[in-house]
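Remarks on the structure that follows.
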Amino acid sequence: MRRILPLLSSNHAGGRSALTCRYRCGDACFHEVPNTSGNEYAGDVIAATLSRRSMMRTAAVVTVATAAGGAVVAQNAPSAQAAAVPAAGDARHGGHGGVTDGARGLRFSPVGPNTADKVTVPAGYTQNVVIRWGEPILRGAPAFDADRQTAKAQAGQFGYNNDFLSLLPLREHGRQVLVANHEYTDEVLMFKGYDAADPTREQVEIAWAAHGLSVVVVQEERKSGKLTPVTRHWLNRRLTATSEFRLTGPAAGSALLKTSADPTGTKVLGTLNNCAGGTTPWGTTLHGEENFNQYFANGTSATDKRYGLTTGATERKWERFDKRFDAAQEPNESHRFGWVVELDPYDPDSTPRKRTALGRFKHEAAQPRLTRDGRPVVYMGDDERFDYFYKFVSSKRMKKGDSRAAREHNLTLLDEGTLYVAKLTGDSPQDIDGTGKLPSDGEFDGSGVWIPLATGDVSHVPGMTAEEVYVFTRLAGDKVGATKMDRPEDVEPSPRTGRVYVALTNNTDRGKAGKPGADEANPRNLNKHGQILELAEHWDDPSSDGFAWRLFLVAGDPEDPATYFAGYPKDRVSPISCPDNVAFDPHGNLWISTDGAQLGSHDGLFGVATTGERRGELKQFLTVPKGAETCGPIIQDRRVVVAVQHPGEVDGATVEKPASTWPDGPGRLVRPSVVAVYRNDGRDIGV
């Protein structure tokens, strides 16, 4: 394994540039942590630790554990015959350019850490830009012109800063439906001569149109994995910060959601800061509204309720052009954001729905799985330092098929059920010293419970009504003693094993004076690199009220003793920092995209085996250009699709002084884009 690059210095958490912090989350890391509750941290609640260590390590006891509700698969060390992961350019290739060594699905030459201003992929693979910001997708929309942008044009063009991606099947030969989130806008990288203190109405309206969601049909090239957009297809759609959305579920119509423009408390204009999301078994997509707080000016303690609203003017000054973004004039408008949005990509005339039963917080993602009797369970993370992760268990069963009756029924599944928050306990709290040193039992592990917050109109939180629980979910989590985590972002259940993986990106505040210290689930103080937690529901039942957990991966330089790769030899893995979005491939491997990597390399995409003798074998598949973040990974049989978000987002960069020339070369505007990667020989990824 080649040496990693020198550690980058940064004054911003997670290695982000100041420009990223400014536009994506409103400098959240420079504000006081919103969670000032006295809740314990994983491992602090129960002094008498639970002795289940052997349950997590031997197959014989796992059988007993499954019967008792542990449902955790044994961790197997690699055999002595397991070959080292080949470096890029290694000679051990198959006859078609594929590496023969590695877990199935991960047989490729890993990309080494680098700072190249391009998407770097393994030997034997190629790529194409599927779609860029500004490309027309609706009828009548013009071609992108950086010098002649208008709000009307942008409303028919692919949006900015693509994040979550979903590809859904379409009954048209070789075609699929691509759905993309557009998290936020970088006005300084969009407009020549942009004056942040005095934006024009047209610039603001372009930004409104560049937020939201895009639906665009894509065509597959038969002999490769290349994808190209089908412009002006009847399913293509843009939803923006001014499109109509509907609030549904138990909090819809609440006095807490009513405004002067909407006295019903059920109709909302727009969706904002859509980060990651999920794809449902019934063919819809879910979209998490994350750092919505930064768009609302003049917040106070009365309007904020622990969500971090801006106390003065906002960065983008939208409040100058629409009073709904001024909390002093419309104190309830911000309550209408921070939800999970459900979209039906197959019905371009449908109104997307904000599902209040899933709670309101900074949703990074929402990924469902089904119980044995067909009820959806949705796992969700709240992306804030020291905040919580949640699940929602529906009370309704999914109907199979695509009849109109089945689709109409399934569009009600996320409106009725119970919302829970997680509380974790560690097995070895006495061994946690903040350095990341493994406990004496050999791994970070423990148990947990799901604490119910509300079911329909019934609150389970003393002193809060059900409506208050849904609208101020963070406060409900505080009251019931949920476990503070290191920025829980994407949460994904494995479609093969049912185990749930939680990406905890980082938390450089952990262990600082006056801040929570390390615990077994978050074992490092000043945590720059993050970790991934693996959770097994009791009895492998997603609706269970208890679970076992362990840390699957503790990120960082493999030569750092504080890192951990599920017990796999650390001289055989790629260095990784700041896990963010996660997804599974058809072979059951977990793929991890990073955000703000702290190891001197650009962010990238990694694959790691989750089962078998190669469990913990982690290999880097690609890196993204300068200033960019890797988002929205989709891993299909023949291709990997990623969203390259905010390329060139480097301190001091402007349209006139770009920090990147990707994707179109010098003299062209830097544009966030979706990229497909596939093998030169057209065969499946990593086999």
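Heavy atoms only: backbone and side chains are in, while hydrogens, waters and symmetry mates are out.
Considering only heavy atoms from C-beta on, Val491 stays 4.5 Å or farther from Leu535 through its side chain. Side chains of Leu618 and Ile592 form a contact here, defined as non-hydrogen atoms less than 4.5 Å apart. The closest side-chain heavy-atom distance from Arg638 to Tyr678 is not below 4.5 Å. Proximity of Arg499 to Thr611: side-chain heavy atoms (C-beta onward) are separated by under 4.5 Å at one or more points. By the 4.5 Å heavy-atom criterion applied to side chains, Pro113 and Pro575 are counted as neighbours. Residues Lys512 and Leu526 are in side-chain contact: their nearest non-hydrogen atoms beyond the backbone lie under 4.5 Å apart. For the pair Leu286/Pro368, a side-chain contact is recorded, criterion being any heavy-atom separation below 4.5 Å from C-beta on. A 4.5 Å side-chain heavy-atom check between Val119 and Pro625 finds at least one atom pair inside the cut-off.
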Can you list the steps and then say if Asp441 with Arg550 is a salt bridge (Lys or Arg N to Asp or Glu O under 4.0 Å)?
CA-CA 12 Å; Asp441 69 349; Arg550 60 182 169 194; over 6 Å; no
Walk me through whether Gln645 and Asp163 qualify under side chain to side chain donor-acceptor pair (under 3.5 Å).
CA-CA 6 Å; Gln645 195 188 72; Asp163 195 301; 3.2 Å; yes
Set out, in order, the CA-CA distance, both residues' side-chain angles and the distance that settles ring-ring contact (aromatic ring centres under 6.0 Å, His included) for Tyr390 and Phe361, then state yes or no.
CA-CA 10 Å; Tyr390 301 80; Phe361 43 88; 4.2 Å; yes
Could you go step by step and tell me if Val642 and Ser593 meet the side-chain contact (heavy atoms from CB on, under 4.5 Å) rule?
CA-CA 9 Å; Val642 295; Ser593 64; over 6 Å; no
Working note: Trp591 + Leu106, criterion side-chain contact (heavy atoms from CB on, under 4.5 Å); need CA distance, chi angles, decisive distance, verdict.
CA-CA 10 Å; Trp591 289 65; Leu106 300 178; 3.8 Å; yes
Does Asn589 form a side-chain contact (heavy atoms from CB on, under 4.5 Å) with Phe584? I'd like the steps, not just the answer.
CA-CA 6 Å; Asn589 301 307; Phe584 286 91; over 6 Å; no
Trace of the side-chain contact (heavy atoms from CB on, under 4.5 Å) decision for Arg369 with Glu537
CA-CA 12 Å; Arg369 63 185 290 206; Glu537 299 273 24; 4.1 Å; yes
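Partner of Tyr501 under the ring pair (Phe, Tyr, Trp, His ring centres under 6.0 Å) criterion, out of Tyr379, Trp549, Phe552, Phe389: Phe552 alone. With Asp509 as reference, Lys515 is the one residue of Arg487, Lys515, Lys484 to meet the salt bridge (charged side-chain N to carboxylate O under 4.0 Å, His left out) rule.
By the 30° and 60° cut-offs, the orientation of the rings of Tyr184 relative to His646 is tilted.
The distance from the CG atom of Asp684 to the CG atom of Asp637 is 4.5 Å, given to the nearest 0.5 Å. From Lys626, atom NZ reaches atom OG of Ser660 across 8.0 Å, with rounding to the nearest 0.5 Å. For the atom pair CG (Asn680) and OG1 (Thr126), the distance works out to 5.5 Å, reported to the nearest 0.5 Å. Annotation: the span from Asp603 atom CG to Leu622 atom CG amounts to 10.5 Å, rounded to 0.5 Å. A distance of 7.5 Å separates CZ of Arg679 from CD1 of Ile685, quoted to the nearest 0.5 Å. In this structure, NZ on Lys437 lies 10.5 Å from CD1 on Ile432, to the nearest 0.5 angstrom.
Residue Arg510 comes nearest to Met485 through the heavy atom pair NH2-C, 3.8 Å, listed as atom of the first residue, atom of the second, then distance. Here the shortest heavy-atom pairing between Asn506 and His529 reads CB-N, 4.3 Å. Among all heavy-atom pairs drawn from Val502 and Pro488, the shortest one is CG1-CB, 4.2 Å. The shortest heavy-atom contact between Pro493 and Gln367 is CD-CG, 3.5 Å. Of all the heavy atoms in Ser673 and Trp662, the pair that sits closest is CB-CH2, 3.6 Å. Between Asp490 and Asn581, the shortest heavy-atom distance links the atoms OD2-CA, 3.5 Å.
Proximity of the aromatic rings of Tyr125 and Phe621 is defined here by a centroid distance below 6.0 angstrom, and this criterion is met.
Without hydrogens or angle criteria, Arg524 side chain to Gly530 main chain gives a donor-acceptor distance under 3.5 Å. Without hydrogens or angle criteria, Asp445 side chain to Asp427 main chain gives no donor-acceptor distance under 3.5 Å. No donor-acceptor pair under 3.5 Å is formed between the side chain of Glu520 and the backbone N or O of Phe444. Using modelled atom types, one side-chain atom of Thr630 and one backbone atom of Gly604 make a donor-acceptor pair closer than 3.5 Å. Using a distance-only test at 3.5 Å, with no hydrogens or angles considered, no donor-acceptor pair links the side chain of Asp486 to the main chain of Asn522. A donor-acceptor distance shorter than 3.5 angstrom exists from the side chain of Lys570 to the backbone of Asp560, with no hydrogens or angles considered. Side-chain atoms of Asn181 come within 3.5 Å of backbone atoms of Cys275 as a donor-acceptor pair (strictly under, hydrogens ignored). With hydrogens and angles disregarded, a donor-acceptor distance shorter than 3.5 Å links the side chain of Asp585 to the backbone of His587. Asn128 places a side-chain N or O within donor-acceptor distance of the main-chain N or O of Leu227, the cut-off being under 3.5 Å. No donor-acceptor distance shorter than 3.5 angstrom exists from the side chain of Ser577 to the backbone of Thr594, with no hydrogens or angles considered.
We find that Lys362 and Asp382 are not joined by a salt bridge, their nearest charged nitrogen and carboxylate oxygen being 4.0 Å or further apart. Salt-bridge formation is not detected for the pair Asp519/Lys423: no Lys NZ or Arg NE/NH1/NH2 atom is positioned less than 4.0 Å from an Asp or Glu carboxylate oxygen. By the 4.0 Å N-to-carboxylate-O rule, Arg615 lies close enough to Glu534 to be salt-bridged with it.
Relative to the ring axis of Phe108, Lys619 places its NZ or CZ within 45° and under 6.0 Å from the centre.
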